[in-house]
Each structure stands twice: as C-alpha cells, then as structure tokens.
2 protein chains.
Amino acid sequence: MALASENLTKNQKTVLDILENSSEPLKAYTILFDIQKKGIKSPLQVYRALDKLIEIGKVHKIESRNSYVACKHEGCNAKTSTSFLICENCDSVTELTGNNLFSYFSKQAEKNNFNYKKHNLEIFGLCKNCKLKN
Amino acid sequence: MALASENLTKNQKTVLDILENSSEPLKAYTILFDIQKKGIKSPLQVYRALDKLIEIGKVHKIESRNSYVACKHEGCNAKTSTSFLICENCDSVTELTGNNLFSYFSKQAEKNNFNYKKHNLEIFGLCKNCKLKN
DNA sequence: ACGTAAAATGTTATATTATAACATTACAAT
DNA sequence: ATTGTAATGTTATAATATAACATTTTACGT
C-alpha cells in the first residue's frame with residue numbers, strides 16, 4: 001500500500017511538479033502554456049490531472065481566483081476542506097491547518113440545523129510582508 | 001440621502017428582482033435567459049447589474065458555484081465578507097450572519113501575522129430538510 | 001434651468017475557464 | 001492471459017466573464 005502520491009501518472013506528476021515549484025497559485029491555462037513542451041497539449045489533460053490531484057489532496061483549488069495550489073502539508077487532511085489566507089497585494093497564499101476550524105464550523109452549522117461535511121474558507125487581507133510596505 | 005437600494009436603475013432592479021424571487025442561487029446566464037423579455041439582451045448587461053448589486057451588498061456571489069444570490073438581510077453588513085451554508089443535496093443556500101465570524105477569522109489571521117480584511121466562507125453539507133430524508 | 005461630470009446603457013466581439021464525446025492505451029488484479 | 005478500471009489523446013464545444021467604444025441618462029453644483 002503505497003502513498004497515493006507515489007502512484008501518480010506522467011501527466012499528474014508534470015502538473016504537480018509545476019505547482020510545487022510555483023511561489024503562487026496557478027491557473028489551468030497558465031499551467032498548460034508552461035508545460036506544452038512536456039507533451040501536454042490540451043486543456044483537458046491539465047484539468048484531468050488537476051481533478052485527480054485535488055481528489056487525493058495534493059492540490060487545492062482557490063475558488064475565488066480559479067487557480068490551483070500545491071498542498072505543502074505532508075499527508076494533508078484537507079482532501080475536501082480548505083482554508084486560505086490570500087494577500088490582496090501580492091497574491092501570495094497561505095494554507096491554514098488544524099481542525100479547530102472544523103469544530104468551529106460544525107458548531108456554527110449545528111446552530112442552523114445543518115449537517116457539516118466540509119468547507120472552503122478564503123480570508124483576504126495583507127500578508128506579513130505587504131503589511132509592512134503599506 | 002436615500003438607501004442605495006432605492007437608487008437602482010432599471011437593469012439593476014430587473015436583475016435584483018429575479019434573484020429575490022428565486023428560491024435558489026442563479027447563474028448569470030440563467031438570469032439572462034430568464035429576463036430577455038424585459039429588454040436585457042447581452043451578458044454584459046447582467047454582469048454589470050450584478051457587479052453593482054454586489055458592490056452595494058444586495059447580492060452575493062457564491063464562488064464555488066459561479067452563482068449569485070440576493071441578500072435577505074435588511075442592511076446587510078456583508079458588503080464584502082460572506083458566509084454560506086450550502087446543501088449538497090438540494091443546493092439550497094443559507095447565509096450566516098453575525099460578526100462572531102469576523103472576530104474569529106481576525107484572530108486566526110493574526111496568528112499568521114496576516115491583516116484580515118474580509119472573507120468568503122462556504123460550508124457544505126446537508127440542510128435540515130435533506131438531513132431527514134437521508 | 002443649465003452645464004457638466006459620473007454613471008449606466010447598448011452592442012459587438014472576444015477572452016477565459018471548463019467539459020462532452022469518443023477512440024485508444026496502460027496497467028493492476030484476478 | 002484476461003479483464004475491468006483508470007488514464008490518455010484529440011477535436012469540438014459549452015459555460016463564464018470581460019474589452020472596447022459609442023451613446024444616453026442621471027446627479028448635482030452653480
């Protein structure tokens with residue numbers, strides 16, 4: 001029983017690689033243009049790789065930006081739920097972890113008689129660096 | 001000094017009206033198709049109305065679904081930040097209010113030396129009705 | 001009331017993001 | 001070896017959103 005990340009196919013590895021080496025989230029078509037030299041020619045090949053990577057938790061989608069980011073947490077438990085700090089100035093993204101968010105949201109949902117399954121949280125503001133400059 | 005909602009233009013009123021009378025979030029092109037009889041002919045007219053309505057807080061966008069929902073809260077303070085409970089079964093949406101979320105997120109951001117400005121939160125699961133059925 | 005600046009409109013074209021459909025290939029599990 | 005599942009390659013198209021520009025309406029200070 002190997003780690004899911006060890007079983008990646010060529011296309012999946014190619015896409016994951018470019019995301020892991022990016023300092024910021026990337027859009028699907030940016031990924032496509034950047035890796036056409038590696039044999040990926042169509043959007044669908046990128047989207048399919050992304051779908052798989054998201055499914056196994058190696059990549060998360062940032063919904064409000066239509067962009068994708070590699071997860072830096074070994075064995076990230078955020079296969080479904082995600083929480084990000086997004087800098088409005090430099091577009092850098094930090095992922096929040098810890099399941100205190102999970103328990104907090106469960107309670108909030110409970111108050112509304114709602115059965116919590118997962119969440120997406122995007123917090124916008126200024127990152128450490130940009131705070132200083134502004 | 002009238003309420004912003006009293007100053008709406010014809011297109012803005014038309015778009016807001018259809019959203020307020022919908023039991024669920026609507027997509028931009030669904031809105032377009034539904035109101036072509038009222039003189040709105042192009043996507044841009046819908047998107048411009050939506051932009052304005054979002055700006056004044058009468059409409060919120062649900063990022064993960066590319067859809068739009070009218071805010072039911074009189075004088076909603078969520079001009080920028082939004083928090084939703086989204087039912088995965090019936091697609092119904094409930095907006096969470098109260099600034100306890102604001103203070104909680106501010107603290108979470110603070111821990112990462114991040115200056116909180118606003119947020120989008122989408123909680124997925126089963127609403128009251130669908131919980132019973134499943 | 002008039003002039004004017006800002007906002008909204010109308011319209012055509014196009015950019016961006018994502019999926020459908022279908023034929024083929026790789027590959028792991030019996 | 002066989003077979004079922006997943007992944008791939010490819011073309012076409014759907015769905016979502018904005019650019020550019022000419023025109024009209026509106027708000028509002030004088």
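No experiment lies behind these values; they were computed from the predicted model shown.
Under 4.0 Å is where a charged nitrogen must lie from a carboxylate oxygen, and between A/Glu110 and A/Lys107 no such pair does.
Using a 4.0 Å heavy-atom distance criterion, B/Ser42 is classed as a base contact.
Contact annotation: A/Thr9 side-chain N/O to D/dT8 OP1/OP2 distance is under 4.0 Å. Checking the phosphate oxygens (OP1, OP2) of C/dG10, no side-chain nitrogen or oxygen of B/Lys41 falls inside 4.0 Å. For B/Lys10 and C/dA8, the shortest distance from a side-chain N or O to OP1 or OP2 is not below 4.0 Å. In this model, the phosphate group of C/dA18 is approached by a side-chain N or O of A/Tyr47 to a distance below 4.0 Å at OP1 or OP2. For C/dA7, neither phosphate oxygen OP1 nor OP2 lies less than 4.0 angstrom from any side-chain nitrogen or oxygen of B/Asn7. For the OP1/OP2 pair of C/dT9 and a distance below 4.0 Å, the side-chain nitrogens and oxygens of B/Gln45 include no atom meeting the criterion. OP1 or OP2 of D/dA17 has at least one side-chain nitrogen or oxygen of B/Lys61 nearer than 4.0 Å. Side-chain nitrogen and oxygen atoms of A/Asn66 include at least one within less than 4.0 Å of the OP1 or OP2 phosphate oxygen of C/dA18. Under 4.0 angstrom from either OP1 or OP2 of C/dT17 there lies at least one side-chain N or O belonging to A/Lys27.
Atom-to-atom, CD of B/Gln36 to C1' of C/dG10 comes out at 14 Å; the value is rounded to the nearest Å. Rounded to whole angstrom, the span from the CG atom of B/Asn11 across to the C1' atom of D/dT23 amounts to 15 Å. One can place CZ of A/Arg65 at 15 Å from P of D/dA17, the figure rounded to the nearest angstrom. For B/Leu8 and D/dT26, the CG to P distance is 13 Å, given to the nearest whole Å. One interatomic measurement links the two molecules: NZ of B/Lys52 to C1' of C/dA7, which rounds to 8 Å at whole-angstrom precision. Separating the CD1 atom of A/Ile54 from the C1' atom of C/dA18 is a distance of 12 Å, rounded to the nearest angstrom. Nucleotide D/dT16 holds its P atom 16 Å from the CG atom of B/Asp51, rounded to whole Å. To the nearest angstrom, C1' of D/dA6 lies 11 Å from CD of A/Glu55.
Shown are B/Leu50, B/Leu26, B/Thr30; of these, the side-chain contact (heavy atoms from CB on, under 4.5 Å) with B/Tyr68 is made only by B/Leu50.
Counting all heavy atoms, side chain and backbone alike, A/Ser67 lies closest to A/Pro25 at OG-CB, 3.5 Å. Closest approach of B/Lys117 and A/Glu88 over heavy atoms only: CG-OE1, 3.9 Å.
Relative orientation of the B/Phe102 and B/Tyr116 rings is perpendicular, given thresholds of 30° and 60° on the angle between their planes.
For B/Tyr29 and D/dT16, the ring-to-base geometry satisfies the stacking test (centroid distance below 5.5 Å, interplanar angle below 30°).
Between B/Arg48 and B/Tyr68, it is B/Tyr68 whose nearest contact on DNA chain D lies nearer the 5' terminus.
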